[in-house]
Protein chains: 4
Amino acid sequence: MEEPIQDIAHLGHIELLTPNPDDSLWYFIELLGMEQVHWERQSAYLRGYGDYATTTLKLTESDAAGVGHIAWRAASPQALERRVAAIEQTGLGLGWSNGDFGHGRSYRFKDPDGHNMEIYYEEEKYAAPEHLRSTLKNLPMKYPAHGACVRRTDHLAVLCQDVARNRQFAESTLGLKLREQVVYDDGASEIGSWMSSNAVHHELAYVVDVEGQSGRLHHMSFWVDERSDVMRAADVFMENSIFIEAGPSKHNNSQAFYLYSYEPGGNRIEIYNSGFYIHAPDFEPVVWDETSRGTGVYWGGALPASFLNYATPVVAETASADDTAEILPFDPH
Amino acid sequence: MEEPIQDIAHLGHIELLTPNPDDSLWYFIELLGMEQVHWERQSAYLRGYGDYATTTLKLTESDAAGVGHIAWRAASPQALERRVAAIEQTGLGLGWSNGDFGHGRSYRFKDPDGHNMEIYYEEEKYAAPEHLRSTLKNLPMKYPAHGACVRRTDHLAVLCQDVARNRQFAESTLGLKLREQVVYDDGASEIGSWMSSNAVHHELAYVVDVEGQSGRLHHMSFWVDERSDVMRAADVFMENSIFIEAGPSKHNNSQAFYLYSYEPGGNRIEIYNSGFYIHAPDFEPVVWDETSRGTGVYWGGALPASFLNYATPVVAETASADDTAEILPFDPH
Amino acid sequence: MEEPIQDIAHLGHIELLTPNPDDSLWYFIELLGMEQVHWERQSAYLRGYGDYATTTLKLTESDAAGVGHIAWRAASPQALERRVAAIEQTGLGLGWSNGDFGHGRSYRFKDPDGHNMEIYYEEEKYAAPEHLRSTLKNLPMKYPAHGACVRRTDHLAVLCQDVARNRQFAESTLGLKLREQVVYDDGASEIGSWMSSNAVHHELAYVVDVEGQSGRLHHMSFWVDERSDVMRAADVFMENSIFIEAGPSKHNNSQAFYLYSYEPGGNRIEIYNSGFYIHAPDFEPVVWDETSRGTGVYWGGALPASFLNYATPVVAETASADDTAEILPFDPH
Amino acid sequence: MEEPIQDIAHLGHIELLTPNPDDSLWYFIELLGMEQVHWERQSAYLRGYGDYATTTLKLTESDAAGVGHIAWRAASPQALERRVAAIEQTGLGLGWSNGDFGHGRSYRFKDPDGHNMEIYYEEEKYAAPEHLRSTLKNLPMKYPAHGACVRRTDHLAVLCQDVARNRQFAESTLGLKLREQVVYDDGASEIGSWMSSNAVHHELAYVVDVEGQSGRLHHMSFWVDERSDVMRAADVFMENSIFIEAGPSKHNNSQAFYLYSYEPGGNRIEIYNSGFYIHAPDFEPVVWDETSRGTGVYWGGALPASFLNYATPVVAETASADDTAEILPFDPH
């Protein structure tokens, strides 16, 4: 038996692109309760109150919505070197950057579908200014009790043309472990794969892009402390005219309680809680087929058609919120 | 200004009919966590752990599902006499009964749509046997912590051919107060009316029967302590193959968090929490039209077509759970 | 049997006195999430997002903390006249006022212990400005999702020298109904009595003042939507250096989940949820003695000594937060 | 920088000793909602509904309460060999067993304080019988919705004479990582250390035994899905005369929401939720001193004196529940 290795410590941060930066910023700060820690050129740097890193979300003005890049923190300097060597062998490496606000130099690369990624080790831990210091020594920042009050970045899901190929890249090159999978046609069609580097249920999901596009984002997800916070987020979104696409409801895959909204820039954002952690070293991925998968919902409302084909950047003919009545065969949460 | 009177203290108990008594009993006892306090001929008498009355649900074997009768507790012996006099003037009175297990003599009548009702004053308060006695002096029965763990009967909704006529009967004859209302066609079509005798948001709702039937039940509703209990009920129903028709979700009307299931006898049962109480003596009913009403859902999944036309007893051509994809123009919750 | 009457619709509003108005205002607005609707001379007028009245808390600058006055809304103009006639017979009437911001003329009086009260009928319903309008037609104000996010004023507890005398006054003159009671010494010592005019468990409690003072406030209580909100309030108080005296814990009396803090002006403020409503017209008050009462806590931390003798206005020798280690024989929640 | 290794996958299972096996079994099955999967000689084998292993709690009849042994699952066969080699070097190894119900051969050893431990790799995954199969493919067992409904074993805390020595053993020999620590006297006195092998906040805590005993158990802890479940457990314990020593309250260390009870055999059992997971590879242990530690409670009731000196097996002169009024200088949660 091969020994497990964990060269990736965790999903580090994500860059979201928005064509509507002011409103997007309002959404993340006023509605989600995030804190802005820095502003530089076209980008705002944000954090959840429980994130140990200085920043976990970089919000960048752009012509179109989507994911700018996905950053992984290596478990050690040596692990970083090992992963970079593995990436370089795939021919998908782009080279080293000098780092960015909050973290040191990073190695940039693309996954097979073309999503920009980077890996780094040096992370700047958050040091709260006096007025944001918590009375809890083990909490990086004062609890804001504001809006959805997201605690930390949890995971993201991206679309791709070939799930198997991207999943294998993440497994062999990054060392992510497969957690759950939707496979149709008696195993012939890999529809979606959920993976993580650690005990978190999933940090990265690859789901097939039914529009045949490349490099698109399905959603980014934030963790809140309780299911009550997910429901409070729904109230907050309703009171502030934010489109709720699905939820609050419970997934079968992951068992999580979810809420999907579109932030004003167009990116789908999930508010997320519960589910389960995975500690078994010999965990066997859970595989769902057409029958067992159903609509991807354990209980709560069915997922609308837009959940299947809406992604950022938006493609001209993409389904919109008008398609909410149709039930989906699967969900890429 | 006319002075408010409250001759009806509260909704007393409900008799449900079931063609599948063993399975229905299993549902109410094992899944909802109710206690059976009595058995007599074709009827089982049940209670929630927080009900002060000995029994609030009478479950009776019958050829078809539906509501057997709806019982109101008067606020005093004098109030009982006043209400009986008012009912007799309508010509809908049926006469006095000798009472039933748990309550004294009652005056039986029909509402204009033909639902059987009764009104009584003498109620037997529950005296728990030793093994069911709570350690809380103000709790009638030991907390069961079992299944959905419903605390008490909350309300019911019935269908009828003429909502306005039945609503007026409930107002003028029983003294119920109108709380919320769905009115379409610029006020010409009264689709549904929610009423109560006290601070509870609604104890009785009349909603139009789109099948043109009479005397049918839309749903009966049980109160649980928290929204978490509603979600636990959803888990319990999923694990025990009980059909969940809608929810957990939040209504706009009433603001309540709801879950609709079909008990094995076919009656729609709601698990219910939150919403708001009404204490203003001059509360103005909230009126919703086509636009403001939407689908009746504030957030969470849309209501399926079955929610509109499924009721008990079931009519031959009625929609079934297969219709769950279609969004409804309103909901009679 | 005497017929029940309900001439008092509900507890209307409360005036709190504070020697520290700026900080008190910060506490109610920033930490509790209330909205300020008016400012006049030494008083700020506040509301919870779910209150139907324009204002339910009047915060007035004063030399010492305490309750300014307690206002009851009558159920009708006729009910107002009846209650005024009854009050005048007791010799405790003070005469009519011209009303205040938010309500019309009121009849002012004192309870036997000297607390200022008033009764009125004309209440101005809240009309939210555009930016505070809710997307829910039945919610008076946009959900703020801020701090403890209190929904509405719930009840208050005052101290007095003679509980029985004040309780009888409230019963016979105001028509409040006794709900729960703590009686020691084989019935000889009435320690506390909890009363309400409607289905709310209690709107007013009288508890003996162990310091032998008159006219003092024990606490004012705000309702939040869930027990999670009570716990969020505890986090908010800890992060903002607000003294938490007791809780979050569960009372035996009322079954409610509570949290007691001191607002910066010194008044004890409770954040409150759950418990039970009372609909039985023949509800029998629950009486607790030394044994059954215990410490007044069903589960959670014991109440500190300060809970017994701290009240506003503060008396020179009163216990302070330093006494938190001693367990109390009862609690006047 | 040394690279992180994780040879221990997670805390595997715990054996509790009870002089009162029938009542202990009733506590774990009826009140906590665990499932008994096996019975052999003096031992019952139990599990939470979310445990992937067949059994995580072995309950063994004994003359006195306490912990029988603590079992760690290795991350791989190679990791097992590495850890055994490391243990053997300390001279604390006892040799190989043939395994037990649910797991394969194990290497037995003692920690420096004398607690029995074992390490193994082969774990039998739970295969639910038909009637206990969940409708969720990724849930090992049907959700019971019964009593406290504990999901899985979370952690344990043991007392010892020399915290530093035992902590160093766990770090260097087992590879556990230090998460939080209470150190008094300007760093001279290590009072307690909380450690884990993975992202769980802590799986094992060593706390100083103020009675100077060896090998004692402070508490074993079970994870529930929500804070509401912790509160439901409190209701269940109150209704079934189980002694609640402390909570529901929130710790400062770990940020967790806790409830401590004594099971009928005398062992302290914690019901536990929330807190935070640790993913930073360079996490710096949080160190609390006399001032920052306070009573170990963030909010909620203070911990009683018994929490400091009560442990199993009980020593003759140990404090009992009568000491609940005294506030503790620290808490070994």
Side-chain angles (χ1 to χ4, degrees), chain A residues 1-11 50 52-53 73-79 121-123 125 135-139 151-152 179-180 197-201 203 223 225-228 250-255 273-288 292-293 298, chain D residues 1-11 50 52-53 73-79 121-123 125 135-139 151-152 179-180 197-201 203 223 225-228 250-255 273-288 292-293 298:
Chain A
M1 190 193 118
E2 196 189 348
E3 286 208 68
I5 20 165
Q6 191 194 338
D7 275 355
I8 301 288
H10 58 82
L11 176 64
Y52 81 87
R73 186 172 183 204
S76 68
Q78 300 93 320
Y121 174 71
E122 291 156 15
E123 181 90 81
K125 291 181 186 171
T135 51
L136 274 169
K137 279 197 77 167
N138 50 15
L139 187 60
R151 188 178 183 110
R152 59 172 179 76
R179 302 317 195 174
E180 305 209 27
S197 64
N198 53 38
V200 168
H201 180 274
E203 295 175 293
W223 178 268
D225 289 327
E226 290 207 319
R227 296 192 295 185
S228 284
K250 182 176 179 173
H251 280 305
N252 51 15
N253 174 343
S254 85
Q255 302 174 20
N273 177 261
S274 60
F276 62 102
Y277 279 72
I278 295 169
H279 299 296
D282 51 357
F283 179 79
E284 294 166 77
V286 179
V287 182
W288 308 75
S292 58
R293 177 59 166 172
Y298 189 53
Chain D
M1 188 191 121
E2 194 189 350
E3 284 209 69
I5 20 165
Q6 190 194 341
D7 276 355
I8 300 288
H10 58 81
L11 176 65
Y52 81 86
R73 187 172 183 204
S76 67
Q78 300 93 320
Y121 173 70
E122 291 156 16
E123 181 90 81
K125 290 181 187 172
T135 50
L136 274 168
K137 278 197 77 167
N138 50 16
L139 187 60
R151 187 178 182 110
R152 58 171 178 75
R179 300 318 194 174
E180 305 209 27
S197 64
N198 53 39
V200 168
H201 180 275
E203 295 175 292
W223 179 268
D225 288 327
E226 289 207 321
R227 295 191 297 185
S228 285
K250 181 175 179 172
H251 280 304
N252 51 16
N253 173 344
S254 85
Q255 303 174 20
N273 178 260
S274 61
F276 62 101
Y277 279 73
I278 295 168
H279 299 296
D282 51 357
F283 180 80
E284 294 165 78
V286 179
V287 182
W288 308 76
S292 59
R293 176 60 166 171
Y298 188 54

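By convention in this document, chain letters (A, B, ...) are assigned in the order of the sequence lines, proteins followed by strands, and residues within each chain are numbered from 1.
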Using a cut-off of under 4.5 Å for heavy-atom pairs, which of [options] has the most such pairs with chain D?
options	value
A:R151, A:E284, A:H279	A:H279
A:E180, A:K125, A:E123	A:K125
A:A199, A:A9, A:A280	A:A280

Handout entry: Heavy-atom proximity to chain D below 4.5 Å, by part of A:F283
Key =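 The answer is the backbone of A:F283.
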Handout entry: Contacting moiety of A:R152, where chain D heavy atoms sit under 4.5 Å
Key =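 Neither; nothing under 4.5 Å.
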Distance from [X] atom [atom1] to [Y] atom [atom2], nearest 0.5 Å?
X	Y	atom1	atom2	answer
A:E226	D:N273	CD	CG	7.0 Å
A:L136	D:H251	CG	NE2	12.5 Å
A:Y277	D:W223	OH	CH2	8.0 Å
A:E122	D:D282	CD	CG	10.5 Å
A:N198	D:N198	CG	CG	10.0 Å

Practice task
Please report the closest heavy-atom contact between A:P281 and D:R73, naming both atoms and the distance.
Solution key: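 For A:P281 and D:R73, the tightest heavy-atom pair comes out as CD-NH1, 3.5 Å.
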Identify which part of [X] has an atom lying under 4.5 Å from any heavy atom of chain A, answering side chain, backbone, both or neither.
X	value
D:T135	both
D:H10	side chain
D:I278	neither
D:S274	neither
D:A74	backbone

Handout entry: salt_bridge(D:R227, A:D225) N-O dist < 4.0 Å
Key =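 Not counted as a salt bridge, because no side-chain N and carboxylate O are separated by less than 4.0 Å.
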Handout entry: Flag side-chain contact, heavy atom, 4.5 Å: A:N138 against D:W288
Key =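 A side-chain contact under 4.5 Å exists here.
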